[in-house]
Each structure stands twice: as structure tokens, then as C-alpha cells.
K.L.:
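The structure follows.
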Amino acid sequence: MKKLLLTILCVLIFPLAVNAVNYVQISKNIESAVFVDNDSISVIRYAPPYYVIQCDERIHSFTMGKWAQITSQYLYDYDNQIIKKRYVSMKARKEDSPWSNPIKYTRIDDVSKNQSNWWIANYIFNKAYNMYFSPEVQAKYGAKHT
């Protein structure tokens, strides 16, 4: 009986642990937390100095008790150090509810330095190319420390 119970618990808990590993917290504040799904990061365009990288982001709003999942594309101009964010789709849910149907978007926003989207853009650029987009972030965090 103990063996059966242990097996059931392992089967139920293991998928949760595996899924949790894929999401990395990028930022948090008093109202929300932002995560990126590492498994969703994919290079859409590689044409230096221009790049496009797509990823899924999850935003947890503690104040509203909601989650949002956004599929985004980050557009990079390395020479001019410009980043833009293209919203591809979004779905949402309350804490214990199923996800809504995805809504398609065509919106593109500028990404300002040191905002959450800027850190996401640097993070996914690093995951794709093993270096940060921003030279100052690369200088601070990109060097291997011995």
C-alpha cells in the first residue's frame, strides 16, 4: 500500500516539477512576477546586426489573482542597440481556471532600458547566442568568473 501511494505521488508531482524547471523568473515586484519559458525560446531571424527571437512569457499578477501568457517576438538592432517587442498572442486565466483562447495581436512596442521587457530581451538573447544583447550587461554578467 505504501509503495502504491508513493508511486501515485511521484506520478502526480513529477510533471509539475518538470514544468516548473522550464520557467525562469526574470523580474518581480510588489504586484507581479514575470517568467520566461526556456523551452519556447527560438530564433526567428538571424541576419546580423538584426535578430528576432520568440519566447513565451508568463506574468503572475498577485493583485488581480490572474496569470497571462504572452507569445512575444523581440526585434533587435545590435548596431544601434534598439529593441522592440512584437506581441504575437496572449491568453489569460484566473488562479484556478483554465486558460482562455489565445488572442492574436499585431502590436509592436519600443523596449526601454532596464524595464522588465529589456531584461527578458537580454536573457533570451543570451540563451540563443551565449552573450547578452547589451554590451554593459555582457561586461557585467557575461564574463566567466573564476
K.L.:
Okay, side chain of S100, backbone of A92: is any donor-acceptor separation there less than 3.5 Å?
P.N.:
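At least one qualifying donor-acceptor pair exists.
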K.L.:
Indicate if Y141 and Y78 have the same hydrophobic cluster label, given that clusters are the connected sets of ILVMFWY residues with side-chain heavy-atom separations under 4.5 angstrom.
P.N.:
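Yes, one cluster joins them.
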K.L.:
Answer yes or no: is there a side-chain heavy-atom contact under 4.5 Å between V34 and W119?
P.N.:
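Answer no - side chains too far apart.
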K.L.:
Does one hydrophobic cluster hold both V24 and V137, with members joined at side-chain heavy-atom distances below 4.5 Å?
P.N.:
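Same cluster: V24 reaches V137 through Ile, Leu, Val, Met, Phe, Trp or Tyr contacts under 4.5 Å.
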K.L.:
Would you name the heavy atoms of S40 and D37 that are closest together and state the gap between them?
P.N.:
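Looks like OG-O, 2.7 Å.
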K.L.:
Would you compute the distance between atom NZ of K94 and atom CH2 of W99 and round it to the nearest 0.5 angstrom?
P.N.:
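Result: 14.0 Å between the selected atoms.
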K.L.:
Show the nearest heavy-atom pair for residues R93 and P98, with the distance to one decimal.
P.N.:
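Of all heavy-atom pairs spanning R93 and P98, the closest is CB-O, 3.3 Å.
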K.L.:
Quick one: pull up CD in Q54 and OG in S72 and give me the separation to the nearest 0.5 Å.
P.N.:
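With rounding to 0.5 Å, CD (Q54) is 8.0 Å from OG (S72).
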K.L.:
Indicate, with yes or no, if V88 and I53 share a hydrophobic cluster defined by side-chain heavy-atom contacts under 4.5 Å among Ile, Leu, Val, Met, Phe, Trp and Tyr.
P.N.:
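Looking at the clustering, V88 is in a separate group from I53.
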K.L.:
Hey, what do you get for NZ (K91) to CG (N101), rounding to the nearest 0.5 Å?
P.N.:
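Rounded to the nearest 0.5 Å, the NZ-CG separation comes to 9.0 Å.
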K.L.:
Name each donor-acceptor pair under 3.5 Å that joins a side chain in residues 120-128 to protein atoms two or more places apart or in another chain, with its distance.
P.N.:
unit_1, atom_1, unit_2, atom_2, d
N122, OD1, F133, N, 3.2
N122, OD1, S134, N, 2.9
N122, ND2, W118, O, 3.0
Y123, OH, N38, OD1, 2.7
Y123, OH, N38, ND2, 3.3

K.L.:
When rounded to the nearest 0.5 angstrom, what distance separates CG in D110 from NZ in K84?
P.N.:
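The CG atom of D110 sits 3.5 Å away from the NZ atom of K84.
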K.L.:
Between Y76 and I82, does a side chain to side chain contact (heavy atoms under 4.5 Å, CB included) hold up when you go through it step by step?
P.N.:
CA-CA 6 Å; Y76 304 85; I82 295 170; over 6 Å; no
K.L.:
Do D77 and Y51 get their side chains close enough for a donor-acceptor pair, meaning under 3.5 Å?
P.N.:
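Absent: no donor and acceptor within the cut-off.
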K.L.:
Decide yes or no on ring-ring contact (aromatic ring centres under 6.0 Å, His included) for Y129 and Y46, but give the supporting numbers first.
P.N.:
CA-CA 10 Å; Y129 302 114; Y46 176 80; 5.7 Å; yes
K.L.:
Working to the nearest 0.5 Å, report the span between CG of N80 and OH of Y50.
P.N.:
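Separation between the atoms: 7.0 Å.
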K.L.:
Membership question, hydrophobic clusters at under 4.5 Å side-chain separation (ILVMFWY): are M131 and I83 in the same one?
P.N.:
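Yes.
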K.L.:
According to the salt bridge (Lys or Arg N to Asp or Glu O under 4.0 Å) rule, which pairs have a member within residues 55-70, sequence neighbours left out?
P.N.:
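Checked against salt bridge (Lys or Arg N to Asp or Glu O under 4.0 Å) - neighbours excluded - the pairs reaching residues 55-70 are E57-K85.
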K.L.:
For I44, what are the other residues in its hydrophobic cluster, where any two members join if their side-chain heavy atoms are less than 4.5 angstrom apart?
P.N.:
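Members other than I44 - counting any ILVMFWY side chain reachable under 4.5 Å - are V52, L75.
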K.L.:
Regarding H60 and E95, is there a side-chain donor-to-acceptor distance under 3.5 Å anywhere?
P.N.:
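The answer is yes; a qualifying pair exists.
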K.L.:
In Å and rounded to the nearest 0.5 Å, what is the CD to CD distance from E136 to Q138?
P.N.:
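Output value for this atom pair is 11.5 Å.
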K.L.:
Applying the 4.5 Å side-chain criterion to the ILVMFWY set and letting contacts propagate, would I59 and M64 be lumped into a single cluster?
P.N.:
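Each belongs to a different hydrophobic cluster.
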K.L.:
Could you tell me which non-hydrogen atom of C55 sits nearest to which non-hydrogen atom of Y74, and how far apart they are?
P.N.:
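Looks like SG-CE1, 4.1 Å.
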K.L.:
Which heavy-atom pair separates S116 from I26 by the least distance, and what is that distance?
P.N.:
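Of all heavy-atom pairs spanning S116 and I26, the closest is O-CG2, 4.4 Å.
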